[in-house]
Amino acid sequence: MVKISETAQKYFDQLIVKQDDAGLGLRIAVRQAGTPSAACDLQFCPQGQEQSSDTRVEYANFNLFVEQASEPWLVDAEVDFEEDETGGQLTIRAPGIKGSEPNSEAPMEGRVQWVLDTEINPMLASHGGMVSLVQVTVENVVVLQFGGGCQGCGMVDVTLQQGIEKTLTERIPEISAVRDVTDHQGGDNPYYSAGSQGQSPI
């Protein structure tokens, strides 16, 4: 279950007092649980707006309501507040919300998708691009399709070979090759363009 540190409790006490709302508490839930996009949603919860299925955790000056469906994902989760010269930083550590990396016995499609979601697409997203898995063939060839700023990009071959293919084959040695089936003639607004100078591939 979720634990709120003493410093975070004090921080929330101060915030709740400023709201001047008797019985105001907090409610936490996990959105997109079990995926690389999972995130904790922590909000004020006015009295009476909690769900009947929520689990109530009582603290000295407020209650924390935990969404029932999110409980399994919040095991060993902790809310902390670290004070610093600028005031402080609230952090939520929830090690289980993104699920677990597929093991070596899992289907290759799932393992490839995990690497795309957790390593490759977050890097491509910083340049407005993404890549999706089309299929894994019987010969263990991974077939990919680029989108966003990567579609029509003049540097896509370098990105594929030096970035994506290298990462995938390091993580999943059984992969025999990585192929791109994107129609790059249809790209509208690539981050890189052919002939760009001074740009480095992902």
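Along the sequence shown, residues carry numbers from 1.
- Side-chain contact, Q43 with D41: a donor N or O sits under 3.5 Å from an acceptor N or O.
- At least one side-chain heavy atom of I164 sits less than 4.5 Å from a side-chain heavy atom of L144.
- A salt bridge between E67 and R31 is present, with a side-chain N of the basic residue lying under 4.0 Å from a carboxylate O of the acidic one.
- For the side-chain contact (heavy atoms from CB on, under 4.5 Å) criterion with V134, the lone passing option out of D180, V142, V181 is V181.
- Nearest heavy-atom pair across L133 and V143 is CD1-O, 3.6 Å.
- Between Y11 and F81, the two ring planes are parallel [angle under 30°; tilted spans 30° to 60°].
- Other residues, nucleotides and ligands contribute at most 12 non-hydrogen atoms within 6.0 Å of the CG atom of D20.
- The CH2 atom of W73 lies 12.0 Å from the SG atom of C40; values are rounded to the nearest 0.5 Å.
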message: Show, in sequence, the C-alpha distance, side-chain angles and deciding distance for I120 and V131, and conclude whether the side-chain contact (heavy atoms from CB on, under 4.5 Å) test is met.
response: CA-CA 8 Å; I120 293 171; V131 65; 3.9 Å; yes

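- In this model, a donor atom of one side chain and an acceptor atom of the other lie less than 3.5 Å apart for D117 and Q113.
- Contacts of F65 classified as ring-ring contact (aromatic ring centres under 6.0 Å, His included), with partners at least two apart in sequence or in another chain: none.
- Judged by distance alone, the side chain of T137 and the main-chain N or O of V141 form a donor-acceptor pair under 3.5 Å.
- Ion pairing of R111 with E174 is present here, as a side-chain N (NZ or NE/NH1/NH2) and a carboxylate O approach within less than 4.0 Å.
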V66/L74 under side-chain contact (heavy atoms from CB on, under 4.5 Å): CA gap, chis, key distance, verdict: CA-CA 9 Å; V66 183; L74 291 170; 3.8 Å; yes

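- Checking side-chain atoms of E50 against main-chain N and O of G48 turns up a donor-acceptor pair under 3.5 Å.
- Taking CG of L24 as the start and CD of Q47 as the end, the distance is 9.5 Å to the nearest 0.5 Å.
- Atom CD of E109 has more than 12 heavy atoms from other residues, nucleotides or ligands within 6.0 Å.
- Distance check: L26 CG to I4 CD1 gives 6.0 Å after rounding to the nearest 0.5 Å.
- Scanning both residues, V136 and M108, for their nearest heavy atoms gives CG1-SD, 3.6 Å.
- Using a distance-only test at 3.5 Å, with no hydrogens or angles considered, a donor-acceptor pair links the side chain of S70 to the main chain of V30.
- Within the model, atoms CH2 of W114 and CG of L116 stand 12.0 Å from one another, a figure rounded to the nearest 0.5 Å.
- Evaluation of the salt bridge (charged side-chain N to carboxylate O under 4.0 Å, His left out) test over residues 68-81, restricted to residues two or more places apart or in two chains, returns D80-R93.
- The two residues F62 and Q9 come nearest to each other via the heavy atoms CE2-O, 3.9 Å.
- Between the side chain of D13 and the main chain of I16, no donor-acceptor pair closer than 3.5 Å is present.
- To the nearest 0.5 angstrom, D54 atom CG is 11.0 Å from N63 atom CG.
- How far CD of Q135 is from CZ of R179: 12.0 Å, rounded to the nearest 0.5 Å.
- When every heavy atom of G34 is checked against every heavy atom of A38, the shortest pair comes out as N-CB, 4.2 Å.
- Using modelled atom types, one side-chain atom of S176 and one backbone atom of N140 make a donor-acceptor pair closer than 3.5 Å.
- Side chain to side chain, S53 and Q51 fail the donor-acceptor criterion of an N or O pair below 3.5 Å.
- Hydrophobic clustering places I92 together with L15 (ILVMFWY residues linked when any side-chain heavy atoms are closer than 4.5 Å, directly or through intermediates).
- Side chains of T91 and V79 form no contact here, defined as non-hydrogen atoms less than 4.5 Å apart.
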task: Tell me, with the steps shown, if T7 and E82 meet side-chain contact (heavy atoms from CB on, under 4.5 Å).
output: CA-CA 7 Å; T7 55; E82 299 178 3; over 6 Å; no

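- F12 is listed as a side-chain neighbour of L90, based on a closest heavy-atom distance under 4.5 Å.
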